[in-house]
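Submitted below is the structure of interest, expressed as structure tokens.
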Amino acid sequence: DAGVTQSPTHLIKTRGQQVTLRCSPKSGHDTVSWYQQALGQGPQFIFQYYEEEERQRGNFPDRFSGHQFPNYSSELNVNALLLGDSALYLCASSLSRIHYEQYFGPGTRLTVT
Amino acid sequence: GDSVTQMEGPVTLSEEAFLTINCTYTATGYPSLFWYVQYPGEGLQLLLKATKADDKGSNKGFEATYRKETTSFHLEKGSVQVSDSAVYFCALSPRGRGQGGKLIFGQGTELSVKP
């Protein structure tokens, strides 16, 4: 049973560019959440998707947007990258009825130069 | 707003020592509480959980009890191993309309176990 997978593993971008990160949830899960983890910090909630809609959003600017596809996979898009966007981006999946019990992928390490 | 506070690390122990990592929270109502572990270069793994007051979560020798009166969820293990070296995160999931689903994490506590 495949767990949560994310791609790419690492990414280097330049300030002002746009980036798309991808996530496939654990088999059977229908809800996907995204988190940003700065170095040495705990993850910060970005948003959560269920039934292809954003269900909840954290305190992140509109430059951060997402999408969920009919197969429950998800993308995170960040526009106009800033140096401060450099972080590990974690995707977590869950079942809608147990949405608080989340299973995390290995993350995508984004470096903005 | 809701928040989680963990004891600062790093925590360095000898193998077979007793481990306690303190975690306290601030939340409206009664959140669900979690401990996650992150090994170097990996994502987070759910270690244990408790969804109501006085619940005890346990897994792989680790335990934590949901203490409503002290708003705490301290992680304990009786005898640590070198393989337990990792960063441990305490987290809560708020209750209430429109709040469920997100996890709020503490800053993490790094544990290093020496042979």
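Chain letters run A, B, ... following the sequence lines, proteins first and then strands; every chain starts at 1.
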Below 4.0 angstrom, N of the basic side chain to O of the carboxylate: do K77(B) and E63(B) qualify?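 No, K77(B) and E63(B) are not salt-bridged.
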
Does either side chain, that of Q18(A) or that of T20(A), offer a donor lying less than 3.5 Å from an acceptor on the other one? yes

Please determine whether salt bridge (Lys or Arg N to Asp or Glu O under 4.0 Å) holds for the pair K114(B) and E15(B), giving the CA-CA distance in whole Å, both sets of side-chain angles, and the decisive distance to 0.1 Å. CA-CA 6 Å; K114(B) 306 298 184 186; E15(B) 205 164 24; over 6 Å; no

Measure Q38(B) against the heavy atoms of chain A and call it side chain, backbone, both or neither at under 4.5 Å.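 Side chain of Q38(B) only, per the 4.5 Å heavy-atom cut-off to chain A.
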
Need one label for I46(A): side chain, backbone, both or neither, based on atoms under 4.5 Å from any heavy atom in chain B. neither

Let me know if Y35(A) has heavy atoms under 4.5 Å from chain B in its side chain, its backbone, both or neither.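 When you check distances to chain B, only side chain atoms of Y35(A) fall under 4.5 Å.
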
Is it the side chain or the backbone of L44(B) that comes within 4.5 Å of chain A heavy atoms, both, or neither?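 It is both, since atoms from each part get that close.
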
Taking the six-membered ring for Trp, are Y36(B) and F104(A) closer than 6.0 Å centroid to centroid? yes

Is the H29(A) to Y103(A) ring centre distance short of 6.0 Å?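 Close enough - the centres of the two rings lie under 6.0 Å apart.
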
Less than 6.0 Å separating the ring centroids of F47(A) and F45(A)?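 Here the rings of F45(A) and F47(A) have centres that are no less than 6.0 Å from each other.
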
Does any heavy atom of chain B fall under 4.5 Å from the side chain of Q6(A), the backbone, both, or neither of them?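 For Q6(A), no heavy atom lies under 4.5 Å from chain B.
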
Option that, when pairs with chain A are counted at under 4.5 Å, heavy atom only, ranks first among L46(B), L103(B), V4(B):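 The option with the most such pairs is L103(B).
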
Given the options P43(A), A92(A), G58(A), which has more heavy-atom pairs under 4.5 Å with chain B than any of the others? P43(A)

